[in-house]
Amino acid sequence: MTEHTTDPATEVFVAHRNLLFTVAYEMLGSAADAEDVLQETWLRWVRVGLERVDDPRAYLVRITTRQSLNRLRAVKRRRESYVGQWLPEPLLTTPDVAEDVELAESMSMAMMLVLESLTPTERAVFVLREVFDVEYDEIAEAVGKSPGAVRQIAHRARRHVGARRPRRTASASEARAALESFRRAVETGNPQDLLDVLAPDVVALSDGGGVKRAALRPVVGAEKLVRFWLGGSAKVEETITWEPTVVNGSPALAVYVGGELDGVMAARVEDARITGIYFVRNPEKLTHLAAGTPLAPR
């Protein structure tokens with residue numbers, strides 16, 4: 001019986017796979033697209049020749065970044081014709097992601113939406129520099145710009161993100177408490193309890209992808225949201241249950257209708273009240289909620 005061995009190129013790729021997936025996901029907001037990018041990266045990697053590469057990690061990140069940029073430019077056009085609100089694809093994440101505060105914040109639904117407002121190159125530079133601490137020279141090679149230009153892009157992207165990111169990131173315990181209050185209020189159908197946990201200017205985004213019922217535009221304001229949510233729940237004849245979970249490194253709620261997963265709700269919490277709701281119902285975006293996705297920030 002011969003012992004199975006893996007070739008060195010495959011071993012290197014597997015060793016960095018979680019990092020490469022995380023880079024691609026942070027840039028694309030889609031696990032499906034990130035998986036496709038990794039496949040493209042692998043096909044290019046095996047044609048290179050390991051002996052010709054001084055720094056495999058940097059080389060792989062560079063390939064992944066270039067492939068992500070190409071795909072990001074393509075999906076940007078597709079998302080313009082998306083039915084209703086587009087939200088990132090949620091990931092059921094492993095416990096170590098929640099423990100890494102910087103990584104969890106960078107991939108929260110709120111931050112991923114902020115990153116969507118950047119240009120593809122700005123997003124690539126911001127993600128590589130701010131999330132993965134890649135040197136400017138390496139980023140310059142990955143995005144095809146000079147180091148000086150990359151520094152300017154990074155400054156512009158940081159300013160843009162800083163103006164739009166949440167004022168204060170709630171702790172995991174604060175977020176869990178707010179979501180638990182929300183869950184109890186919805187299950188009891190008590191409008192006042194819902195109003196108590198929602199900020200007056202709360203903004204709710206829901207993504208049905210044209211397949212499931214969802215608001216086509218943001219629902220703004222606590223009173224409007226209460227009417228929308230309780231009214232929609234009343235029309236569902238099957239039993240609705242809510243279960244705590246962890247999505248993108250942060251507390252969230254998985255919603256089951258008739259025992260089947262129907263959606264997942266993430267939230268932005270500030271001062272113990274929910275200021276943002278992100279409810280994903282598009283079935284194509286719920287495929288990575290069955291098992292935890294391992295990620296790597298470095």
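Since we're looking at a predicted model, the values are computed, not measured.
Criterion: ILVMFWY side-chain heavy atoms under 4.5 Å apart, direct or through other members. Under it, L91 and W86 are not part of a common hydrophobic cluster. Note on M109: it does not cluster hydrophobically with V269, by side-chain heavy-atom contacts below 4.5 Å among ILVMFWY residues. Residues V264 and V186 do not share a hydrophobic cluster, clusters being chains of Ile/Leu/Val/Met/Phe/Trp/Tyr side chains in contact below 4.5 Å. Note: the hydrophobic cluster containing L87 does not contain L115 (ILVMFWY, side chain heavy atoms under 4.5 Å, direct or indirect links). Grouping the Ile, Leu, Val, Met, Phe, Trp and Tyr side chains by contacts below 4.5 angstrom, directly or via other members, places L60 with V143.
Within a 6.0 Å sphere centred on CD of E284, other residues, nucleotides and ligands contribute 12 heavy atoms or fewer.
Here the side chains of H16 and V12 are in contact, with some heavy-atom distance below 4.5 Å. V257 is not listed as a side-chain neighbour of T239, based on a closest heavy-atom distance of 4.5 Å or more. Side-chain contact between R159 and R156: present, with at least one pair of heavy atoms (C-beta onward) separated by less than 4.5 Å. Annotation: side chain of W42 is in contact with side chain of T10 (closest heavy-atom distance under 4.5 Å). Side-chain atoms of P251 and V246, non-hydrogen and from C-beta on, never get closer than 4.5 Å to each other. Using a 4.5 Å cut-off on side-chain heavy atoms (C-beta onward), E238 and E260 make no contact. Counting only heavy atoms from C-beta outward, the side chains of Y25 and L38 never approach each other to under 4.5 Å. Annotation: side chain of M27 is not in contact with side chain of L128 (no heavy-atom distance under 4.5 Å).
For S106 (side chain) and L103 (main-chain N/O), a donor-acceptor pair under 3.5 Å exists by modelled atom type. Judged by distance alone, with hydrogens and angles left aside, the side-chain atoms of Q85 form a donor-acceptor pair with the main-chain N or O of L216 at under 3.5 Å. Remark: side-chain polar atoms of S206 are paired, donor with acceptor, to backbone N or O of A215 under 3.5 angstrom. Side-chain atoms of T275 come within 3.5 Å of backbone N or O of R268 as a donor-acceptor pair. Of the possible donor and acceptor atoms, one in the side chain of R273 sits under 3.5 Å from a partner among the backbone N and O of D196.
Contact detail for T93 and N248: the closest heavy-atom pair is OG1-N, 3.6 Å. Nearest heavy atom pair, residue R129 against residue E135, reads NH1-CA, 3.9 Å. Among all heavy-atom pairs drawn from V97 and G249, the shortest one is CG1-CA, 3.9 Å. Residues N18 and P294 approach most closely at ND2-CB, 3.7 Å, considering heavy atoms. Closest approach of A9 to W45, counting heavy atoms only: O-NE1, 2.9 Å. Counting all heavy atoms, side chain and backbone alike, E138 lies closest to V134 at CB-CG1, 3.5 Å.
In this structure, OG1 in T241 is found 9.5 Å from CG in L261, a value given to the nearest 0.5 Å. Distance check, rounded to the nearest 0.5 Å: CZ of F21 to OG1 of T293 gives 5.5 Å. Atom CG of L198 sits about 5.5 Å away from atom CD1 of I277, to the nearest 0.5 Å. Atom CZ of residue F126 and atom OG1 of residue T121 lie 15.0 Å apart, to the nearest 0.5 angstrom. For the atom pair OG1 of T65 and CG of N70, the computed distance is 11.0 Å after rounding to the nearest 0.5 Å. Here the CZ atom belonging to R44 is positioned 10.5 Å from the CZ atom belonging to R66, to the nearest 0.5 angstrom.
Applying the salt bridge (Lys or Arg N to Asp or Glu O under 4.0 Å) test to K212 and every residue at least two apart in sequence or in another chain returns D262. The salt bridge (Lys or Arg N to Asp or Glu O under 4.0 Å) test applied to E99 returns no partner, not counting sequence neighbours. With sequence neighbours left out, E80 forms a side-chain contact (heavy atoms from CB on, under 4.5 Å) with no residue at all.
Exactly one residue among E89, K285, H288 makes a side-chain contact (heavy atoms from CB on, under 4.5 Å) with S30. That residue is E89. Of the residues L28, T22, V23, the one that meets the side-chain contact (heavy atoms from CB on, under 4.5 Å) test with E26 is T22.
For the pair R213 and F228, the cation-pi test (distance below 6.0 Å, angle within 45°) is passed.
At a cut-off of 3.5 Å, with distance as the only test, no side-chain donor of D207 or Y278 sits close to an acceptor on the other residue. Remark: the E122 side chain and the H160 side chain contain no N/O donor-acceptor pair separated by less than 3.5 Å.
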Audit row: D36, Q39, side chain to side chain contact (heavy atoms under 4.5 Å, CB included) steps and yes/no: CA-CA 5 Å; D36 287 344; Q39 180 65 24; 5.6 Å; no

Derivation and outcome, side-chain hydrogen bond (donor to acceptor under 3.5 Å, both in side chains), residues D96 and T94: CA-CA 6 Å; D96 58 306; T94 50; 2.5 Å; yes

Audit row: T41, F13, side chain to side chain contact (heavy atoms under 4.5 Å, CB included) steps and yes/no: CA-CA 9 Å; T41 299; F13 183 86; 4.1 Å; yes

Trace of the side chain to side chain contact (heavy atoms under 4.5 Å, CB included) decision for V203 with L205: CA-CA 7 Å; V203 177; L205 306 177; 4.3 Å; yes

Verdict with reasoning, R151 to H155, per side chain to side chain contact (heavy atoms under 4.5 Å, CB included): CA-CA 6 Å; R151 288 179 182 274; H155 175 72; over 6 Å; no

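Ring geometry for F279 versus W242: interplanar angle under 30°, hence parallel rather than tilted (30 to 60°).
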Listing, residues 172-181 side-chain donor-acceptor contacts under 3.5 Å, not counting sequence neighbours, or none:
unit_1, atom_1, unit_2, atom_2, d
S173, OG, S171, OG, 3.1
E174, OE1, S171, N, 2.8
E174, OE1, S171, OG, 3.3
E174, OE2, R168, NH2, 3.4
E180, OE1, R183, NE, 3.0
E180, OE1, R183, NH2, 3.3
E180, OE2, R183, NH2, 2.5
E180, OE2, R184, NH1, 3.4
S181, OG, A177, O, 3.2

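Contacts classified as salt bridge (Lys or Arg N to Asp or Glu O under 4.0 Å) and involving residues 220-232 (residues at least two apart or in different chains) are not found. Each salt bridge (Lys or Arg N to Asp or Glu O under 4.0 Å) pair with one or both residues in residues 112-121, not counting sequence neighbours, appears once here: R79-E116, E116-R123.
Using a cutoff of 4.0 Å between basic side-chain nitrogens and carboxylate oxygens, E11 and R17 are not scored as salt-bridged.
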